[in-house]
*Asks:* 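I'd like to ask some things about the structure below.
Hydrogens, waters and symmetry mates play no part in the numbers below; they use all other heavy atoms, side chains included.
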Amino acid sequence: MSASSQACRQYAVSLSVLLCLVASPASADSGTSTIGQLKQLNVEDLMNVEVTSVSRHPEKLLESASAIQVITQEDIRRSGATSIPEALRLADNLQVAQKNSHDWAISARGFNTDLGNKLLVMIDGRTVYTPLYSGVFWDVQDYLLEDIDRIEVISGPGGALWGANAVNGVINIITKNAKDTQGGYADGGGGSQPQESAGVRYGGQMGADTQFRVYSKYFDRRDEIQTDGNSSSDSWRQGRVGFRIDSEASSQDRLTLQGDFYDSHENEQAGGTADASGSNLLGRWTRNLSSESDMSLQSYFDKTHLADPVAPLMAAGNAISPAGTFYDDLTTYDVDFQHRLRVDARNEVTWGLGFRNTHDAVVNAPALGFFPTVLDQNLYSAFIQDEIDLRSNLSFTFGTKLEHNDYTGFEFEPDARISWNLSPTQNLWTAVSRAVRTPSRIDHDLSEGTPPYLVILEGGSNFTSETLIAYEAGYRATLTSKFSTSVSTFYNQYNDVRSTSFTPVTILPLYFANNLEGDTYGLEFTGNYQVTDAWSLHAGYTLLRESLRVKPGQFDLSNATNETADPKHQLSVRSALYLPGQLELNANLRWVDTLLINNGPALGTVPSYFELDTRLAWHAGERLEISLTGQNLLHNHHPEYGFPDATRVEIQRSVFGKLAWKF
């Protein structure tokens, strides 16, 4: 056993013992005067948190007619997360699987494959999916976690407000206003994973009503390990800088200007180094027209660069195309306008218009390419939503989004929701929605193997949008001053899901079609219990059943197994405890069921597993915090994704120490 493994094992044992010793009413009560306790949201406060992702305007979490969960800044800090994907493990309605040192598979309500494409992700209103495959490159989505205000996670469709690709869920990452990040902040640390990490931010005044902040962040993550015990050669380092300016230009007007730049380098398991860089600039103007009307205008520019090594394309042990490097440069311009108006005492209308232009230029590798190599696309959109108060405690919301894209033309995504406040602390809701996943470049323009080499797989020239009809219902309540809960259930019907067909006579190239259909259903539960003023517990559970099949008379090469890679059950239990002596102790135990995966030569499995993360922190004063975080403490290493062979990457136990200072 290595010295680092021995240290990890000792850390796990000592914290487990400590948790048992302190988790008693006497110990918990004695910590009620700690600094951390003053920051904690109690059960009632949690339900009164305002969210914006459900209706595009602020409303209480309790009254939201959607399966939404909120990850607060305090949740993120106390978890010891070092990246956004790690923080997303705190949302019980997501499946989060780490593939290797730098890649994650993240989805809601299924379809969490290598090319997962049914989850819309935004950072301060900026959409961060790639049109290459309608998914998210999670390795380049990051921020100084201290400056994230909250993350709103919706499981279920949001197409009526947010458009195509908000099929199974929406993640909205919302950062703090600059006035809430005044002064200095710095953190730094290291350990087994990440090996090095540092961040710094400074906020100040540019005038009586204008504040700013600037930040930078850097980390270096080591290699993970393969099943055969060898290094996976997937180390990763990244740096980023950014700024934000917020101004209350008048009593009616608020202005925001913000931007980021990042540069990332990742070693690839198959050999070579992937380089990614990007920059973005976003501006937003919000105006209160009256006490019953407001509007906002937002525009952003986003530019990304990717250089990715591509392994040779193999067949029967022979290379049919050599190795190379794939390059992608994407430029996005986006404008979004929204207006909200209360028509009368019972009727509120929100409507908006949007336009997005993307310029995508690729340089193909011998084994991977897209044709045409340069593609300009325009997306036009309009939405309207009407919220009607049928009674003082009963509301009905209906609306739709209309979009026009260059692949399939017009797409409609209607939605209807009913919210019934059974009491001031209980809400019952139900919804019926239609959502679409429009074609991406991989569906339409892909060439796996590029001329003059043999082409194995192509995009489908007639590929259409995948569609979803979703039926949902939920209950959210604060049942006592110490206990709150949320339960939601759903039934989804999918049509025209992606499949793989073969060319008549020649067989090759295979091509993408829309020959799959199916349904899923499930249940999502969360509960929060305030044991004492200093000790809180959280539990979450999800059930997911999937039935995807080939349409009658049609064909799919993988017999409908290539679009899903999801566990049937997930369970998590979190404990947050304040201790005497300005100490905090947090523990997060999670269980993930077995999942079937089809990214290898046959259908394989990832075994079910339990894992435990813990964090011990000491507030050495009002401005200084010292913490020690242990992740994946129950195993030396375990797989979370990938086909079961000797080279599958497994995630290792790790320990990370951190010092955070506010000045």
Side-chain angles (χ1 to χ4, degrees), residues 1-19 75-76 78-92 94-106 112 138-139 145 189-197 219-232 234-236 269 540 567 570-575 585-595 605-617 627-642 644 648-658:
M1 181 183 298
S2 67
S4 60
S5 297
Q6 181 70 32
C8 289
R9 186 175 299 278
Q10 291 173 349
Y11 176 83
V13 172
S14 61
L15 273 186
S16 299
V17 172
L18 180 59
L19 184 60
D75 293 333
I76 296 172
R78 298 201 63 169
S79 72
T82 60
S83 67
I84 287 175
E86 288 180 4
L88 291 176
R89 289 194 190 275
L90 300 171
D92 305 306
L94 290 178
Q95 186 210 345
V96 179
Q98 187 171 355
K99 297 179 179 180
N100 53 45
S101 178
H102 47 71
D103 293 323
W104 281 263
I106 301 176
N112 199 24
W138 285 106
D139 52 336
L145 297 187
S192 51
Q193 193 71 296
Q195 296 184 112
E196 300 173 8
S197 177
F219 61 80
D220 187 348
R221 300 182 74 96
R222 66 168 181 171
D223 298 332
E224 293 293 348
I225 195 170
Q226 296 179 167
T227 301
D228 60 11
N230 292 322
S231 170
S232 56
D234 58 355
S235 60
W236 174 34
Q269 187 179 12
Q570 289 189 129
L571 174 68
S572 67
V573 179
R574 299 203 304 268
S575 169
L585 179 62
N586 296 268
N588 182 8
L589 178 69
R590 66 185 187 275
W591 175 70
V592 180
D593 199 4
T594 302
L595 64 89
T605 62
V606 176
S608 64
Y609 64 90
F610 276 98
E611 268 306 348
L612 174 68
D613 300 337
T614 61
R615 178 179 181 269
L616 180 64
S627 62
L628 185 64
T629 300
Q631 294 183 327
N632 304 307
L633 295 177
L634 300 184
H635 302 89
N636 287 330
H637 48 84
H638 73 281
E640 297 186 5
Y641 206 83
R648 176 162 67 183
V649 177
E650 301 194 356
I651 309 305
Q652 300 178 83
R653 177 187 294 137
S654 64
V655 176
F656 177 74
K658 177 181 172 182

*Asks:* Rounded at 0.5 Å granularity, tell me how far CZ in Arg615 sits from CD in Gln631.
*Replies:*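 Answer rounded to 0.5 Å: 11.5 Å.
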
*Asks:* I'd like to know if the side chain of Arg222 reaches the main chain of Gln195, judged simply by a donor and an acceptor atom lying under 3.5 Å from each other, with no hydrogens or angles considered.
*Replies:* no

*Asks:* Any heavy-atom pair between the side chains of Leu88 and Trp138 that's under 4.5 Å?
*Replies:* yes

*Asks:* Can you tell me how far apart OG (Ser654) and CG (Leu633) are? Round to the nearest 0.5 Å.
*Replies:* 7.5 Å

*Asks:* Which residues pass the salt bridge (charged side-chain N to carboxylate O under 4.0 Å, His left out) test with Asp613, sequence neighbours left out?
*Replies:*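 Salt bridge (charged side-chain N to carboxylate O under 4.0 Å, His left out) list for Asp613, sorted by chain: Arg590.
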
*Asks:* Between atom CD1 of Ile84 and atom CG of Leu145, what is the distance when rounded to the nearest 0.5 Å?
*Replies:* 6.5 Å

*Asks:* In the structure I gave you, are the side-chain heavy atoms of Ile651 and Gln193 within less than 4.5 Å of one another anywhere?
*Replies:*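 No; the side chains remain at least 4.5 Å from each other.
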
*Asks:* If you measure from CG on Asp223 to OG on Ser235, what distance do you get to the nearest 0.5 Å?
*Replies:* 4.5 Å

*Asks:* Spell out, as yes or no, whether a donor-acceptor pair under 3.5 Å connects the side chain of Ser197 to the backbone of Gly189.
*Replies:*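 No; judged by distance alone, with no hydrogens or angles, the pair does not exist.
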
*Asks:* Sequence neighbours excluded, which residues qualify as side-chain hydrogen bond (donor to acceptor under 3.5 Å, both in side chains) partners of Asn100?
*Replies:* His102, Asp103

*Asks:* Go through the structure and list residues passing side-chain hydrogen bond (donor to acceptor under 3.5 Å, both in side chains) with Asn588, not counting sequence neighbours.
*Replies:*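 Asn588 satisfies side-chain hydrogen bond (donor to acceptor under 3.5 Å, both in side chains) with no other residue.
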
*Asks:* Quick one: closest heavy-atom pair of Gly642 and Arg648, and the distance?
*Replies:* O-NH1, 2.9 Å

*Asks:* Checking His637 now: which residues fulfil ring pair (Phe, Tyr, Trp, His ring centres under 6.0 Å) with it, not counting sequence neighbours?
*Replies:*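 Listed in chain order: nothing, the list is empty.
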
*Asks:* If you define the side chain from C-beta out and look only at heavy atoms, does anything of Glu611 sit under 4.5 Å from His638?
*Replies:*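 SC-SC contact between Glu611 and His638 confirmed.
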
*Asks:* Please name all residues satisfying side chain to side chain contact (heavy atoms under 4.5 Å, CB included) with Leu589, sequence neighbours left out, ordered by chain then number.
*Replies:* Phe610, Leu612, Leu634

*Asks:* Which residues satisfy the side chain to side chain contact (heavy atoms under 4.5 Å, CB included) test with Val592, sequence neighbours excluded?
*Replies:*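 Checked Val592 against side chain to side chain contact (heavy atoms under 4.5 Å, CB included); matches are Pro567, Gln570, Tyr609.
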
*Asks:* Are Asn632 and Arg653 close enough, and set up right, to give a side chain to side chain donor-acceptor pair (under 3.5 Å), and what steps lead you there?
*Replies:* CA-CA 5 Å; Asn632 304 307; Arg653 177 187 294 137; over 6 Å; no

*Asks:* For side chain to side chain contact (heavy atoms under 4.5 Å, CB included), just list the numbers for Lys99 and Asp139, CA-CA rounded to whole Å, side-chain angles, deciding distance to a tenth of an Å, and then say yes or no.
*Replies:* CA-CA 11 Å; Lys99 297 179 179 180; Asp139 52 336; over 6 Å; no

*Asks:* So, for Ile225 and Ser232, which heavy atoms are closest and what is the spacing to 0.1 Å?
*Replies:*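 Smallest heavy-atom distance, with atoms named: N-OG, 3.7 Å.
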
*Asks:* Once ring pair (Phe, Tyr, Trp, His ring centres under 6.0 Å) is applied, do any residues pair with Phe219, and if so which ones, sequence neighbours excluded?
*Replies:* Trp236

*Asks:* Are Lys658 and Thr82 close enough, and set up right, to give a side chain to side chain contact (heavy atoms under 4.5 Å, CB included), and what steps lead you there?
*Replies:* CA-CA 10 Å; Lys658 177 181 172 182; Thr82 60; over 6 Å; no

*Asks:* Ignoring hydrogens and angles, tell me if any N or O in the side chain of Asp234 forms a donor-acceptor pair with the backbone of Ser101 under 3.5 Å.
*Replies:*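 Judged by distance alone, yes, a pair lies under 3.5 Å.
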
*Asks:* For Ala87 versus Ala81, what's the shortest heavy-atom pair and its separation?
*Replies:*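 Scanning both residues completely, I find the closest heavy atoms to be N-CB, 3.7 Å.
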
*Asks:* Which residues pass the side chain to side chain contact (heavy atoms under 4.5 Å, CB included) test with Asp75, not counting sequence neighbours?
*Replies:*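 Scan of Asp75 (side chain to side chain contact (heavy atoms under 4.5 Å, CB included), adjacent residues dropped) gives Ile71, Thr72, Leu90.
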
*Asks:* Checking Glu650 now: which residues fulfil salt bridge (charged side-chain N to carboxylate O under 4.0 Å, His left out) with it, not counting sequence neighbours?
*Replies:*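 In terms of salt bridge (charged side-chain N to carboxylate O under 4.0 Å, His left out), with neighbours along the sequence ignored, Glu650 is linked to no residue.
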
*Asks:* Quick check: closest heavy atoms across Phe656 and Pro194, and the distance to 0.1 Å?
*Replies:* CD1-O, 3.5 Å

*Asks:* Taking side-chain hydrogen bond (donor to acceptor under 3.5 Å, both in side chains) as the definition, give me every residue that meets it alongside Thr594, ordered by chain and number, with sequence neighbours left out.
*Replies:*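 Result, side-chain hydrogen bond (donor to acceptor under 3.5 Å, both in side chains) vs Thr594: none returned.
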
*Asks:* Could you list the residues that satisfy side-chain hydrogen bond (donor to acceptor under 3.5 Å, both in side chains) with Gln98, not counting sequence neighbours?
*Replies:* none

*Asks:* CD of Gln95 to OH of Tyr641: how many Å apart, nearest 0.5 Å?
*Replies:*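 OH of Tyr641 is found 7.5 Å from CD of Gln95.
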
*Asks:* When rounded to the nearest 0.5 angstrom, what distance separates OG in Ser627 from CG in Asn586?
*Replies:*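 These two atoms lie 10.0 Å from each other.
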
*Asks:* In chain order, what residues pass the salt bridge (charged side-chain N to carboxylate O under 4.0 Å, His left out) check against Glu224, with sequence neighbours excluded?
*Replies:*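 Salt bridge (charged side-chain N to carboxylate O under 4.0 Å, His left out) list for Glu224, sorted by chain: empty.
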
